[in-house]
Asker: 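There's a structure below that I have some questions on.
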Amino acid sequence: MTLAPDPFRSATHGERHSAYTELNDRGPVHLVRQTRSRSIWLVTGHEEARACLIDPRLVKGGGSATIFGHRLDPGLLAATRTEMLSSDPPDHTRLRKLVSGAFTMRRIDQLAPRIQEIVDELLDALVDVESADLVAAFAYPLPMTVICELLGIPEERRGDFRTWSSLVIDPAVSGFETFAAAAEALVGFVRELIAIKRAQPADDLLSAVVAVRDGTDRLSEDELTSLVVLLLIAGHETTVNLLTNATYALLTHPGQLALLRSEPERLPAAVEEFLRFDGPLQVATQRVAGETFELGGVTIAAGDSVLVGLLAANRDTSHLPGADVLDITRTPTPHLAFGHGIHHCLGAPLARLEARIALGSLISHFPHLRLAEAAGDVPVDDAVLINGLTALHVATRPLPA
Ligand code: HEM
């Protein structure tokens with residue numbers, strides 16, 4: 001079987017979506033890499049992707065099967081990959097239950113006033129500037145501040161964290177040495193934080209999970225460390241790209257922007273459409289076939305890796321006619337941007353709340369908001385997992401007469 005074109009390393013936003021469209025035109029499942037021991041499959045059809053996400057024959061296996069997993073020092077692997085996203089039942093069930101109470105819609109809604117405050121502060125700082133990079137000035141600091149405050153990470157310790165986080169999230173792009181060094185630094189940082197919360201517990205999520213670890217035998221030290229690493233990374237890397245991609249989508253679709261401005265009650269549905277149309281993740285985290293089975297006309301052999309193409313599945317026109325068109329009036333908006341099944345995003349209520357407040361406030365603060373660069377020049381993040389922009393330059397003042 002010949003290899004399908006690689007959609008991951010597209011240089012522009014348009015190229016990335018065109019590559020996925022081409023794959024979807026060919027069929028729902030594609031061979032993207034092959035080694036002597038295993039094949040890597042990319043699933044782009046919506047029905048097949050959804051089926052994979054709930055198929056117990058596809059397992060996570062603790063992350064050792066992921067790229068570099070087998071090369072990483074076993075201690076470091078355990079401290080980063082014994083969290084829920086890399087686990088299968090029954091461990092997954094136990095680990096998720098320990099923190100799921102903190103992410104219910106009701107608990108998350110209580111954060112709205114503080115999120116609004118952070119948003120207003122960030123937007124006020126943009127009022128008098130000629131043009132600004134929205135990623136650096138808004139889309140990144142908002143989710144980063146929110147997750148750090150939720151976990152209780154002191155401001156002075158947030159510094160290096162972003163660099164390590166962005167290197168760890170895409171090992172294939174970072175390369176082994178850089179990835180391993182960043183993972184080690186991140187684990188050291190998290191262990192220090194845990195020690196601080198042990199010595200001085202506070203009213204925050206990190207202190208609460210430390211108490212679970214210390215009070216019962218339901219969480220090992222590695223599981224605690226991995227959980228915090230996961231929450232820190234998952235809590236901001238994705239939301240940054242939701243805010244950025246949604247803003248880019250609005251600024252390149254003026255009719256949709258005008259509609260949202262005139263009918264702001266459409267915001268919740270619009271956020272779902274942004275997640276569907278240009279979601280923050282290209283693929284879900286890697287799964288491994290526990291047994292041989294057929295999918296979309298191909299045979300996936302036991303031991304093969306499967307990447308579920310969330311971005312492609314959300315634009316599968318055989319599932320949703322007109323899927324390649326941005327339409328904020330769609331209801332409902334069926335999408336897989338938060339995954340599906342047991343690993344469905346735990347932070348979805350938080351991400352939705354942040355996006356509604358951030359995007360609603362952005363367009364109401366700045367009636368003249370527009371791109372400050374040509375739409376085609378916007379640089380995409382060179383990543384396998386993430387679908388994002390590295391920068392988005394916008395202008396906020398009225399155009400000179
Ligand atoms: C727009 C923003 C977000 C998107 C698109 C997103 C997407 C996803 C997806 C697709 C998965 C499942 C991956 C898989 O099955 O391989 C996932 C899992 C997860 N997400 Fe999110 N996420 C977002 C924001 C957040 C936030 C803010 C948090 C909060 C702290 C978070 C925490 C998690 C956790 C803990 C899991 C693992 C759940 C499990 O394995 O049971 N995410 N996310």
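Side chains are part of it too, since the values below use all heavy atoms of this structure and drop only hydrogens, waters and symmetry mates. Indexing begins at 1, ligand by ligand and atom by atom, following the structure's order. None of the values given here were measured: they were computed from a predicted structure.
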Asker: Less than 3.5 Å between some nitrogen or oxygen of E354 and one of ligand 1, yes or no?
Answerer: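 No: no nitrogen or oxygen of E354 is under 3.5 Å from one in ligand 1.
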Asker: Could you list which atoms of ligand 1 come closer than 4.0 Å to a heavy atom of I147?
Answerer: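 That gives atoms 30 (C) of ligand 1.
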Asker: Using a 4.0 Å heavy-atom cut-off, which part of I342 comes near ligand 1: side chain, backbone, both, or neither?
Answerer: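 The answer is the backbone.
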Asker: Can R352 be said to touch ligand 1, with heavy atoms closer than 4.0 Å?
Answerer: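 The answer is no: ligand 1 sits nowhere under 4.0 Å from a heavy atom of R352.
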Asker: Any salt bridge linking E47 with R50? Criterion: basic side-chain nitrogen under 4.0 Å from a carboxylate oxygen.
Answerer: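 Salt bridge flag = no for R50 with E47.
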Asker: Could R191 and E221 be called an ion pair, given the rule that one side-chain N must be under 4.0 Å from one carboxylate O?
Answerer: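 So R191 does not pair with E221 through a salt bridge.
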Asker: Which heavy-atom pair separates N387 from Q282 by the least distance, and what is that distance?
Answerer: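 Of all heavy-atom pairs spanning N387 and Q282, the closest is CB-CG, 3.8 Å.
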Asker: Heavy-atom contacts with H92 under 4.0 Å: which atoms of ligand 1 show up? List them by number with element.
Answerer: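 So the answer, numbered in order with elements, is 39 (C), 40 (O), 41 (O).
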Asker: Going by the salt bridge (charged side-chain N to carboxylate O under 4.0 Å, His left out) test, which pairs reach into residues 355-370, not counting sequence neighbours?
Answerer: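 Those involving residues 355-370 do not exist here.
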Asker: Would you say the side-chain atoms of H30 pair up with the backbone N or O of L23, donor to acceptor, closer than 3.5 Å?
Answerer: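 Yes: the side chain of H30 pairs with the backbone of L23.
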Asker: What is the nearest protein non-hydrogen atom to atom 38 (C) of ligand 1, stated with its residue, atom name and distance?
Answerer: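 Residue, atom and distance for the closest contact: R96 NH1, 3.4 Å.
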Asker: Sort by chain and number the protein N/O/S atoms found under 2.8 Å from atom 21 (Fe) of ligand 1.
Answerer: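 Result, waters dropped: C345 SG.
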Asker: Looking only at protein heavy atoms, which one is nearest to atom 13 (C) of ligand 1, and how far off is it?
Answerer: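 Scanning the protein heavy atoms, the shortest distance from atom 13 (C) of ligand 1 goes to L85 CD1, 3.7 Å.
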Asker: Would a distance-only check, ignoring hydrogens and angles, find a side-chain to backbone donor-acceptor pair under 3.5 Å from N241 to E237?
Answerer: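 Yes, N241 side chain to E237 backbone: donor-acceptor pair under 3.5 Å.
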Asker: Side chain, backbone, both or neither: which applies to L310 and ligand 1 if a contact is any heavy-atom pair less than 4.0 Å apart?
Answerer: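 The answer is the side chain of L310.
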Asker: Using a 4.0 Å cut-off to any heavy atom of A337, which atoms of ligand 1 qualify?
Answerer: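 With A337 as reference, the close atoms of ligand 1 come out as 5 (C), 7 (C), 10 (C).
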Asker: When you compare the side chains of T21 and R315, does any donor N or O come within less than 3.5 Å of an acceptor on the partner?
Answerer: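 T21 vs R315: no donor-acceptor pair found between side chains.
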Asker: Take E83 and S86 through the side-chain hydrogen bond (donor to acceptor under 3.5 Å, both in side chains) test and state the conclusion after the steps.
Answerer: CA-CA 6 Å; E83 30 67 22; S86 305; 2.5 Å; yes
Asker: For ligand 1, note which part of L242 has a heavy atom under 4.0 Å away: side chain, backbone, both or neither.
Answerer: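 Looking at L242 and ligand 1, just side chain atoms fall under 4.0 Å.
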Asker: Using a 4.0 Å cutoff against the non-hydrogen atoms of P280, which atoms of ligand 1 qualify?
Answerer: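 What qualifies from ligand 1 is 1 (C), 5 (C).
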Asker: Just let me know how H343 lines up against ligand 1, side chain, backbone, both or neither, with a heavy-atom cut-off below 4.0 Å.
Answerer: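 Both the backbone and the side chain of H343 come within reach of ligand 1.
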Asker: Taking 4.0 angstrom as the limit and counting only heavy atoms of F103, give me the atoms of ligand 1 inside it, by number and element.
Answerer: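 Under 4.0 Å from F103, ligand 1 has these atoms: 29 (C), 30 (C).
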Asker: With atoms numbered from 1 as shown, which atoms in ligand 1 lie under 4.0 angstrom from a non-hydrogen atom of K60?
Answerer: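 Listed by number with element, the hits are 16 (O).
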Asker: I want to check something: taking the side chain as every heavy atom from C-beta on, are P334 and H319 in contact at a cut-off of under 4.5 Å?
Answerer: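 The answer is yes; the side chains approach within 4.5 Å.
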Asker: When the aromatic ring centroids of H253 and F277 are compared, is their separation below 6.0 Å?
Answerer: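 Centroid separation for H253 and F277: below 6.0 Å.
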Asker: Can you tell me the protein heavy atom closest to atom 16 (O) of ligand 1 and the distance?
Answerer: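 Among all protein heavy atoms, the one nearest atom 16 (O) of ligand 1 is T285 OG1, 2.5 Å.
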Asker: Can you tell me which portion of V308 lies within the under-4.0 Å heavy-atom range of ligand 1? Options are side chain, backbone, both, or neither.
Answerer: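 Neither; nothing of V308 gets under 4.0 Å from ligand 1.
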Asker: Without swapping roles, check the side chain of D278 against the backbone of N245 for a donor-acceptor pair under 3.5 Å.
Answerer: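 No, the answer is negative, given that no donor and acceptor are paired below the 3.5 Å cut-off.
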Asker: Provide the number and element of each atom of ligand 1 under 4.0 Å from a heavy atom of L230.
Answerer: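 In order of numbering, the contacting atoms are 35 (C).
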Asker: Quick check: does R287 get an N/O under 3.5 Å from an N/O on ligand 1?
Answerer: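 For ligand 1, there is an N or O atom that lies under 3.5 Å from one belonging to R287.
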Asker: Could you tell me whether a side-chain N or O of S39 sits under 3.5 Å from a main-chain N or O of Q34, the two making a donor and an acceptor?
Answerer: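 Looks like no, no N/O pair under 3.5 Å.
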Asker: Short N/O distance, under 3.5 Å, between H344 and ligand 1?
Answerer: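 Looking only at distances, the answer is no, because the N/O contact criterion of under 3.5 Å is not met.
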Asker: Where's the contact between L281 and ligand 1, heavy-atom distance under 4.0 Å: side chain, backbone, both or neither?
Answerer: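 Only the side chain of L281 comes within reach of ligand 1.
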